[in-house]
Amino acid sequence: MEMLKIENLTFSYPQSTHRVLRDVSFGIEEGEFCVLCGATGSGKSTLLRLCKRELAPNGQRSGQILINGTPTEQLSAREAAVRVGFVCQQPDQQIVCDKVWHELAFGLENLGLSQNEIARRVAEMAGYLGIEPWFDRQVKELSGGQKQLLNLASVMVMHPDLLILDEPTSQLDPIAAAEFLHTLSKINRDFSLTVLIAEHRLEELVPMCDRLIVLKDGTLLGADAPDVLMPRIAQDPALLASMPTAVRVACAIGDQSYPLSVKEGRAMIAKYADPTRILPENAPKSGRSKALELKNVYFRYARELPDTLADLSLSLYEGETLCVLGGNGSGKSTMLGVASGVHKPYAGSVLVFGKKLNEYKNQTLYRENLALLPQDVQTVFLHNTVEEEMKDAGVDLSALPFDLTPLLGMHPYDLSGGEQQLAALAKVLATNPKILLLDEPTKGLDAEKKQHLLEILRTLRSRGVSILIVTHDVEFAALCADRCVLFFRGSAVSDGLPRTFFAENNFYTTAARRMSRGYFQNAVTARDLVALCRGEEVL
């Protein structure tokens, strides 16, 4: 039986002639695990929100969305709330209570269930998902991964028939993201729960899903098993670029086995193995001055709380791109706040071009000097349309390497996560910074937009701009970084050049490295693997 059926769905936002979705039709059977993929702005978030009546955006809609054969508009308020569960991209935006246990019980209390029923359901779900050890904690004390698991538990405790997730791992570190996705897979297997998830992180999702649903420019390109769709996807470079590393490498070297997982990719790579080959590292330029320096920095959010940053020393050199990786809650975003003057450390010092932050008076720190793109990019927006945002910031739209023209009439909050990221980045770059601080800049971006961002950062670096990036995107870091740092408990514990850094890591490393370990010595990107399999040199 079809749990979700979408028939000829077309949608456009108010006061816009652009159709975000165009005549989309597909069905999902009960118990299927389905992945919705497509480029930034292809309509994924809009489609998912239309399936959850309470979150459906305003606009012109035609076509039908049916849950178990019933149109969503005909569901009672209780049915609509219970039968379709929804997990958002940003964990904090979905949490409404201060305590973990209260968040778990909140939805059930609103349904009017008895205290006995609420206690039973909450206890079961907390035990099943491993939440019991932090059951009584304040939500604000949780890591990003724990918050997202709490959101999942709060939805699952309602016993939905269909679980919808909109890029739920976009703010999670690689380990937390993998754990979250495997939890989803376990729920799908154990309860035969129907799952529909939109993601740009497809490395682990594609091998585990039953069906891949592909959108392009608001139209449906296909909805079938990944191995069935892959030959067709391989003919579209933009779509192929978003697929797992194994299949991208296979297509590049002419292997038509279309491996989807690291395990299958290793079996393919084994045929080309040469453990003696070592790729050269691009050594950093000598004699560079420090653009930004944190010296023995200590910071905590309140006197009674533990240190978030502890004896942190970190340097960013002029014309360098430095990527900082680490788990949720390790202090990476706090470090950016301290580096940009948003937070003041209680010990240690921060120097920008050799001057302490307090020596920059009257906002001179931010005038063509230093700029920060925060993790929550919505805080950057001040106006009702993207066009007003761009005019206010003095953005030259014709000079951007990405096209914001279709978005100009929209409210910034109506954009997809990736579109918001690009609009905010355009505003930040308009300040012409010498030091650019970026917190999760690839969040919500498809493979093509990531490539555009990579080109932007390389151009800026060639002009002498110093770039400090906090990211969970290890694949992107391997491509763009001159140097990588690993954070742990508020300190920088490891520092190295990209190929050495990722080759030596077991968990904070790339899929290409996991595929090639033991076969090639320090291949860490798909490009590395392709060149080595072909016997080519890599710079």
Side-chain angles (χ1 to χ4, degrees), residues 78 81-193 195 197 300-308 326-334 375 472 488-490 507:
R78 186 185 183 91
V82 171
R83 293 177 69 178
V84 181
F86 199 103
V87 176
C88 298
Q89 181 180 122
Q90 298 184 19
D92 287 317
Q93 288 190 350
Q94 195 163 344
I95 292 171
V96 295
C97 299
D98 57 348
K99 289 288 190 74
V100 170
W101 68 266
H102 198 188
E103 184 69 25
L104 281 171
F106 182 77
L108 302 178
E109 290 171 346
N110 280 275
L111 291 177
L113 299 185
S114 68
Q115 287 300 311
N116 184 62
E117 175 74 0
I118 292 173
R120 181 177 61 79
R121 287 200 192 186
V122 166
E124 273 196 323
M125 191 53 59
Y128 179 79
L129 292 179
I131 289 175
E132 194 169 353
W134 33 282
F135 188 75
D136 294 312
R137 288 175 61 183
Q138 295 278 343
V139 171
K140 66 182 180 181
E141 298 174 0
L142 304 183
S143 69
Q146 288 173 325
K147 287 178 181 177
Q148 200 64 302
L149 188 61
L150 176 59
N151 283 332
L152 176 62
S154 302
V155 169
M156 286 298 301
V157 80
M158 307 278 282
H159 294 174
D161 297 324
L162 171 64
L163 177 62
I164 296 174
L165 306 100
D166 188 6
E167 298 195 43
T169 70
S170 65
Q171 296 194 44
L172 304 187
D173 65 70
I175 297 173
E179 290 175 351
F180 185 87
L181 294 178
H182 283 292
T183 298
L184 272 186
S185 180
K186 183 175 185 290
I187 289 171
N188 171 254
R189 291 194 314 269
D190 290 352
F191 303 109
S192 192
L193 177 67
V195 176
I197 177 172
R300 60 179 62 171
Y301 282 97
R303 181 169 295 180
E304 68 276 8
L305 295 177
D307 288 332
T308 305
N328 291 99
S330 61
K332 303 184 304 299
S333 294
T334 302
Q375 188 173 128
H472 292 313
F488 180 69
R489 301 186 71 184
F507 303 108

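Just so you know, these numbers use all the heavy atoms, side chains as well, and skip hydrogens, waters and symmetry mates.
Although no hydrogens or angles enter the test, the distance criterion places a donor-acceptor pair under 3.5 Å between the side chain of Asp173 and the main chain of Asn328. Counting only distance, with no hydrogens or angles, the side chain of Arg137 and the backbone of Val100 share no donor-acceptor pair below 3.5 Å. Distance alone, capped at 3.5 Å, is enough to place a donor-acceptor pair between the Gln94 side chain and the Phe86 backbone. Listed for the Ser114 side chain is a donor-acceptor partner under 3.5 Å among the backbone atoms of Glu117.
Lys186 contributes atom NZ, which lies 13.5 Å from atom CD of Glu179 (distance to the nearest 0.5 angstrom). Note: Thr334 OG1 to Asp307 CG = 11.0 Å, rounded to the nearest 0.5 Å. Rounding to the nearest 0.5 Å gives a distance of 4.5 Å between OG of Ser333 and CD of Gln375. Note: Leu152 CG to Phe180 CZ = 4.5 Å, rounded to the nearest 0.5 Å. Atom-to-atom distance recorded for Asp161:CG and Ser192:OG is 11.0 Å, nearest 0.5 angstrom. Between the CG atom of Leu163 and the CG atom of Asn188 there is a distance of 9.5 Å, given to the nearest 0.5 Å.
Under the rule for a salt bridge (Lys or Arg N to Asp or Glu O under 4.0 Å), Lys332 has no partner lying at least two apart in sequence or in another chain. When the ring pair (Phe, Tyr, Trp, His ring centres under 6.0 Å) test is applied to Tyr128, the partners found at least two apart in sequence or on another chain are Phe191.
The minimum heavy-atom distance between Leu104 and Val157, with the atom names listed, is O-CG1, 3.5 Å. Closest of all the heavy-atom pairs between Pro160 and Gly85 is CB-N, 3.7 Å. Considering all non-hydrogen atoms of both residues, Arg78 and Leu111 come closest at NH1-O, 2.9 Å. Between Gln171 and Gln89, the shortest heavy-atom distance links the atoms NE2-O, 4.2 Å. For the residue pair Pro174 and His472, the shortest heavy atom distance occurs at CG-O, 3.6 Å. Taking each heavy atom of Leu162 and Leu193 in turn, the nearest pair found is N-CD1, 4.2 Å.
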With side-chain contact (heavy atoms from CB on, under 4.5 Å) as the test, would you mind laying out the steps for Trp101 and Val122 before giving the verdict?
CA-CA 8 Å; Trp101 68 266; Val122 166; 5.5 Å; no
How far apart are the C-alpha atoms of Gln146 and Glu141, what are their side-chain angles, what is the distance that settles it, and do they pass the side-chain contact (heavy atoms from CB on, under 4.5 Å) test?
CA-CA 9 Å; Gln146 288 173 325; Glu141 298 174 0; over 6 Å; no
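Val139 has its side chain out of reach of Lys99: every pair of non-hydrogen atoms, C-beta onward, lies at least 4.5 Å apart. Taking 4.5 Å as the limit, some side-chain heavy atom of Ile187 sits within range of a side-chain heavy atom of Leu129.
The local environment of CG in Asp98 is crowded, with over 12 non-hydrogen atoms from other residues, nucleotides or ligands closer than 6.0 Å. Crowding of Phe135 atom CZ: a count of heavy atoms from other residues, nucleotides or ligands under 6.0 Å exceeding 12.
Note on residues 151-160: pairs passing side-chain hydrogen bond (donor to acceptor under 3.5 Å, both in side chains), not counting sequence neighbours, are Gln148-Asn151.
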